[in-house]
Structure formats: structure tokens, C-alpha cells
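Written below as C-alpha cells is the structure these notes are about.
Positions are given from 1 along the sequence.
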Amino acid sequence: MQPFTDDPKAVPQYEVQNAQALSTPSLLIYTEMIEANITAALRMMNGNANRWRPHLKTAKLGFTMRRLVARGIKMAKCATTLELVAAIDAGMEDVVVAFPLMGPNAKRLREIAAAYPERRISTLVESLDQIDEWRGSAVGVFVDLNPGMDRTGMGEDDFEQVRECIDRVQRAGLRFCGLHHYDGQIRNTDPSAAAAAREGYSRLMELIAYLKQGGIEVKEVITSGTPATPHALNFAPFGEGDFVHRVSPGTIVYNDRNSLKELPDYGFLPAALVLSTVVSRPRKNRVTCDAGHKAVSADAGVPTCEVMGRPGLMGLKPSEEHLSIEVRSVEMPSLGELLYLLPAHVCPTVNNFDKAVLVRGGKVEDIVPVTARGREMFVA
């Protein structure tokens with residue numbers, strides 16, 4: 001299997017028999033590639049499924065979550081209560097809602113935790129003001145740290161503030177689960193990525209030692225989205241501490257254009273493509289297909305995707321339903337021709353679809369719901 005897509009020989013393994021019968025755009029999920037990606041991820045972790053707490057914002061499908069569980073991955077992260085419910089239904093035993101839920105969203109999480117007392121359900125806090133949201137509930141608490149992404153979390157270099165937050169959590173009678181350190185700013189295309197990751201992990205170890213001196217035991221440390229995962233797994237102190245360290249990459253279950261460039265040497269394969277149809281040839285060296293940003297996410301910028309096996313086709317800025325493609329020194333695609341698109345960012349792309357087409361051995365095996373698409377709607 002070819003790990004990346006600039007080689008035209010990579011296309012046949014992704015071609016779907018009788019694809020002309022499918023409506024487009026369609027989300028194609030390749031079940032054999034999912035299995036290969038789970039195997040590759042576990043290989044990174046020396047076969048230890050306990051090191052992986054994947055973020056389910058990528059997986060989304062109950063089918064994919066069940067495959068993770070079947071392979072021994074029973075701990076996960078998610079961002080919404082709908083993802084949490086889907087994870088529980090799939091058999092996940094321990095799920096962190098890695099989002100600072102408040103108000104009605106927090107109330108709903110409390111309800112889910114109360115309804116499933118046999119599951120370990122936890123969330124993040126980053127402020128003393130958030131602790132009361134969870135008082136008297138079965139929800140566990142991870143303290144969220146800011147390792148430099150500046151999105152959420154308290155400053156992890158403010159040891160005293162972190163200690164005070166954990167003290168308050170424990171005095172409130174809540175279950176303190178550990179520390180959450182999401183270094184999503186790490187990009188392996190930056191030559192300083194490994195050093196920056198190690199610097200953050202060393203600071204995190206200093207914080208853990210400080211907390212231990214104050215009588216606070218850290219039981220679990222969660223780090224790392226997809227790009228930073230190899231750096232965390234290679235950081236020896238994480239494997240030598242008195243805590244369990246877990247990484248949380250989610251994208252590697254399906255992979256996308258960006259993740260395959262970030263982790264090119266680990267055997268990961270594209271497992272999610274968007275099937276599209278060429279609907280127009282508006283001028284010389286330009287075609288348009290029916291996969292605008294309501295199909296292939298545009299949040300990663302241009303190009304939003306690449307065409308499998310067709311490096312001479314360059315995706316331009318999409319509109320809602322149309323994707324214009326520049327044709328560079330190759331044969332113009334024909335009207336009605338099917339293109340297999342590899343998204344730059346697969347997570348929101350999966351979330352764009354209500355249904356997914358499962359493909360096995362080049363054949364359509366089933367059409368299944370994207371179980372955790374969107375969000376629950378409720379009134380507190």
C-alpha cells in the first residue's frame with residue numbers, strides 16, 4: 001500500500017466498483033485502511049493500547065469507534081456530549097470530554113455520567129470558577145494546562161495556581177484524574193518541533209514533581225495531538241513516572257493531507273476520501289467538481305484537498321457547493337469524471353456528512369450514519 005498519494009499507482013486501491021451509481025459528493029470510509037492505521041498507531045506505542053486515548057472528533061462513526069474498542073482501545077477523548085454518548089454506545093469505558101463545558105452543557109454531562117455509573121467520565125477545568133459546575137456529580141476532573149497553544153488551560157508554569165486548583169477540586173469532593181496538556185501548536189514541518197515539544201514535557205515533569213512534594217498524586221497525564229505524538233512517546237520520563245501517560249491523536253484513524261505530511265514514516269494511510277464529480281469545464285485549464293466547503297472542509301486553507309493520483313490538479317478556493325480545480329500540464333478531466341479527494345483536514349470533513357459509504361475490497365459494503373455528527377440539542 002502506498003502511504004501517500006502523489007503516485008498514480010495509489011489510485012486503484014481506492015477506486016470503488018460501480019462508483020458511478022453513488023451520489024456525489026459522498027464520504028468514502030475504507031475499512032481495511034482503518035485497520036491498517038490502528039495497527040500503525042499501536043506499533044508506534046509498542047503494542048500498548050493503554051497509551052492511546054484517541055480524540056473521537058475525527059472518528060465520529062459508531063462503526064469506527066467499535067473497531068477501536070475491538071482492538072483494545074477503550075479510553076478516548078471527545079468534545080461534545082453527542083460524541084460521548086456515541087462512545088459509550090460503542091463500548092468505550094473511560095472518556096474525557098476535553099472541552100470546558102459550562103451551563104446547560106455541563107448539566108447534560110452530569111446527567112450522562114449519572115446514567116452510566118459503570119463508565120469513567122471526566123472533563124476539564126482551568127479555573128476555580130468552573131469547579132462548582134461539577135460539585136456533587138460523578139464527573140471526574142482533569143486540570144487543563146496551556147502549553148503554548150493559547151486556546152484553553154491555565155499557565156502550566158504557574159505551579160502554585162495549578163496546585164490551588166487541584167486542592168479546590170479535591171476539597172469539593174470531586175475525583176481528580178490528572179493533567180491535560182494539549183500541545184496542538186507543535187508542527188513537524190517546523191525544524192524546532194522536537195525541541196519545543198521536549199521543553200514543554202520537561203516543564204510538565206517539573207510541575208508533577210512540585211505537586212508530589214505538596215502531597216498531590218497525579219494519576220494520569222494526557223498529551224499530544226497527531227503531530228506531537230512521536231515526540232511524547234519518545235520522551236523517556238513519561239514512561240518512567242508514577243503516573244500513566246497517554247497520547248490523544250485522533251486524526252490518524254483516517255488521516256488527511258496534512259497529517260500524512262506531519263507523520264510520513266509510520267505507515268499511515270488515507271482511510272477517508274470524498275468522491276466528487278466534475279460538473280463543469282468553465283475555461284481552459286479549469287474544471288469544477290461538486291465538493292465545495294459543505295463537503296470538504298476549507299478551514300485548513302488552500303488547497304483544501306488533493307486529487308488522488310492526479311498531482312497535476314490543484315484545488316483552488318471553494319464556494320459552498322463548488323470546488324474549482326486548476327489543471328496543470330495534464331489531461332483535462334472529462335465532464336462526469338469521478339475524482340477521489342483527500343481532504344487537507346479530515347475531522348470537519350467527516351462532520352459535513354450525514355452518511356458514510358463503507359468500502360471494503362473496492363466494493364461498497366454498507367452505508368452508515370455519521371453517528372456523532374453535529375451536537376445534541378436540549379433545554380436545561
Side-chain angles (χ1 to χ4, degrees), residues 27 29-31 33-35 37-38 40-42 44-45 49-101 105 108-109 112-113 115-116 119-124 139-140 142 144 151-152 177 180 182 184 220 222-229 246-256 258-259 268 271-272 297 299 343 345-356 358 368-376:
L27 175 65
I29 300 292
Y30 294 82
T31 60
M33 280 59 166
I34 290 175
E35 297 298 336
N37 289 334
I38 294 173
L42 292 175
M44 288 178 73
M45 298 164 205
N50 194 45
R51 292 294 299 273
W52 192 14
R53 188 185 276 278
H55 201 313
L56 301 177
K57 68 184 178 67
T58 309
K60 285 289 184 183
L61 280 68
F63 169 86
T64 305
M65 297 181 197
R66 290 191 294 274
R67 292 312 308 152
L68 288 165
V69 170
R71 299 291 298 273
I73 300 116
K74 299 182 180 180
M75 300 184 180
K77 279 171 49 172
C78 66
T80 71
T81 56
L82 182 55
E83 290 172 356
L84 173 61
V85 171
I88 291 171
D89 288 345
M92 290 289 178
E93 298 175 356
D94 183 321
V95 186
V96 181
V97 181
F99 198 88
L101 300 181
N105 294 334
R108 173 61 178 145
L109 183 57
I112 296 170
Y116 296 93
R119 309 295 174 95
R120 289 175 62 86
I121 296 172
S122 51
T123 191
L124 306 182
V139 178
F142 281 82
D144 190 24
R151 187 172 69 180
T152 64
C177 299
H180 180 262
Y182 179 66
E220 180 176 351
I222 305 171
T223 70
S224 310
T226 294
T229 288
R246 295 186 173 101
V247 290
S248 56
T251 306
I252 55 178
V253 173
Y254 299 140
N255 292 292
D256 54 27
N258 290 347
S259 66
F268 291 115
S297 173
D299 72 320
H345 192 188
V346 71
C347 312
T349 296
V350 172
N351 193 61
N352 278 338
F353 289 85
D354 292 317
K355 303 279 187 178
L358 299 184
V368 299
V370 180
T371 320
R373 184 194 182 201
R375 291 173 171 78
E376 290 187 310

Partner set under side-chain contact (heavy atoms from CB on, under 4.5 Å) for Asn352, not counting sequence neighbours: none
Neighbour count >12 (heavy atoms, 6.0 Å) for atom NZ, Lys57: yes
Partner residues of Arg119 under the salt bridge (charged side-chain N to carboxylate O under 4.0 Å, His left out) criterion, sequence neighbours left out: none
Test side-chain contact (heavy atoms from CB on, under 4.5 Å) applied to Arg108 - qualifying residues, sequence neighbours left out: Thr81, Val85, Glu111, Ile112, Glu376, Phe378
Any residue meeting side-chain hydrogen bond (donor to acceptor under 3.5 Å, both in side chains) with Asn37, in chain and number order, not counting sequence neighbours: Asn255
From OG1 (Thr123) to CZ (Phe142), nearest 0.5 Å: 10.0 Å
Results of salt bridge (charged side-chain N to carboxylate O under 4.0 Å, His left out) for Arg67 - residues two or more places apart only: Glu35
Distance, nearest 0.5 Å, that separates OH of Tyr116 from CD1 of Ile121: 8.5 Å
Sequence-distant partners of Asn258, side-chain hydrogen bond (donor to acceptor under 3.5 Å, both in side chains), two or more places apart: none
Donor-acceptor pair, side chain of Asn351 and main chain of Gly374, under 3.5 angstrom: yes
Partner residues of Ser297 under the side-chain contact (heavy atoms from CB on, under 4.5 Å) criterion, sequence neighbours left out: Asp299, Pro348, Thr349
CZ on Arg373 to CG on Leu82, rounded to 0.5 Å: 11.0 Å
Neighbour count above 12 (heavy atom, 6.0 Å) for Phe99 CZ: no
Thr80: partners by side-chain hydrogen bond (donor to acceptor under 3.5 Å, both in side chains), with sequence neighbours left out: none
Reported CD1-to-NE2 distance for the pair Ile252 and His55, which is rounded to 0.5 angstrom: 13.5 Å
Listed partners of Thr223 passing side-chain contact (heavy atoms from CB on, under 4.5 Å), at least two apart: His181, Tyr201, Leu204, Val221, Ala232, Phe238, His245, Val247
Qualifying residues under ring-ring contact (aromatic ring centres under 6.0 Å, His included), relative to Tyr30, sequence neighbours excluded: Tyr14
Nearest-0.5 Å distance, CZ of residue Arg120 to CD of residue Glu93: 11.0 Å
Residues which pass salt bridge (charged side-chain N to carboxylate O under 4.0 Å, His left out) with Arg246, listed by chain and number, not counting sequence neighbours: Glu220
By side-chain hydrogen bond (donor to acceptor under 3.5 Å, both in side chains) - contacts of His180 (at least two apart): Lys77, Asp144
